[in-house]
Amino acid sequence: MEDLLKQEAIELEDLLKQKAELEAKIQATGEAGVEKILRAIENQRWYFFQNKPKIIFDRSTGLIWADLKYFPYGRGNGYSGDKAKSVIRDSQNWGGYNGWKIPTAAEFWQMIEDKTFPYHSQRNSS
């Protein structure tokens with residue numbers, strides 16, 4: 001219990017240092033810089049969370065997606081519908097979340113077509 005309290009105190013101290021550093025950076029950017037930052041955040045679609053690295057959040061749809069850097073099932077595996085369902089079923093508590101599902105065709109297509117999706121691969125059209 002004592003070790004847990006020490007660890008939490010260290011984490012709190014680190015967070016307070018990060019907060020102070022961020023506040024100093026914001027002050028250094030001036031009001032115009034802060035407005036630019038806020039506009040950029042306002043227009044951002046995809047969000048990564050430092051304390052939840054295994055997920056990304058899609059602000060447009062409200063869906064949480066598995067962060068492909070951490071998901072244990074690599075790209076290019078050619079999953080069939082049945083295999084994909086078993087992967088989802090086996091991953092129910094993955095990343096600290098449950099209730100994972102296969103996206104609808106519309107949800108998946110919207111993500112694929114979005115050039116801002118963090119894992120969108122650019123293909124040359126030559």
Side-chain angles (χ1 to χ4, degrees):
M1 181 68 168
E2 195 172 309
D3 289 339
L4 181 61
L5 290 174
K6 285 179 184 178
Q7 182 63 33
E8 287 179 358
I10 291 170
E11 289 175 7
L12 179 60
E13 185 178 322
D14 287 344
L15 287 173
L16 291 173
K17 285 179 187 176
Q18 290 175 11
K19 179 183 175 192
E21 290 170 5
L22 183 58
E23 287 172 346
K25 287 179 184 178
I26 289 173
Q27 286 180 349
T29 62
E31 193 169 319
V34 171
E35 290 300 318
K36 286 180 186 178
I37 292 169
L38 291 176
R39 266 196 313 279
I41 291 171
E42 185 178 281
N43 294 325
Q44 187 174 341
R45 176 175 175 179
W46 301 97
Y47 290 90
F48 290 86
F49 299 99
Q50 185 174 1
N51 62 341
K52 294 284 186 183
K54 294 184 177 183
I55 62 162
I56 57 176
F57 176 70
D58 178 359
R59 190 182 76 162
S60 295
T61 63
L63 295 174
I64 293 175
W65 293 83
D67 184 333
L68 299 179
K69 289 187 296 189
Y70 297 94
F71 197 63
Y73 302 96
R75 290 182 263 177
N77 289 330
Y79 292 126
S80 66
D82 290 337
K83 177 63 177 168
K85 288 176 186 175
S86 75
V87 166
I88 298 299
R89 186 177 51 253
D90 294 344
S91 303
Q92 280 306 303
N93 290 313
W94 184 82
Y97 290 89
N98 56 28
W100 292 103
K101 67 178 186 78
I102 297 174
T104 65
E107 291 166 342
F108 191 66
W109 187 253
Q110 183 184 23
M111 180 208 51
I112 294 291
E113 286 296 303
D114 183 355
K115 303 290 189 244
T116 66
F117 180 63
Y119 303 104
H120 188 277
S121 62
Q122 297 291 333
R123 293 194 175 114
N124 294 333
S125 57
S126 47

Legend entry - Value rounded to 0.5 Å, distance of CD in Gln110 from CG in Asp58: 6.5 Å
Inset, instruction - Answer yes or no: is there an ion pair linking Lys17 with Glu21, defined by an N-O contact shorter than 4.0 Å? - result: no
Inset, instruction - Taking the side chain as every heavy atom from C-beta outward, state whether Glu11 and Asp14 have any pair of such atoms under 4.5 Å apart. - result: no
Inset, instruction - Show your reasoning for whether side-chain contact (heavy atoms from CB on, under 4.5 Å) applies to Arg45 and Thr61. - result: CA-CA 9 Å; Arg45 176 175 175 179; Thr61 63; 4.1 Å; yes
Legend entry - Exercise: identify the closest heavy-atom pair between Ile56 and Trp46: CD1-CE3, 4.0 Å
Legend entry - Within one Ile-Leu-Val-Met-Phe-Trp-Tyr cluster: Trp109 and Trp65, side-chain cutoff 4.5 Å: no
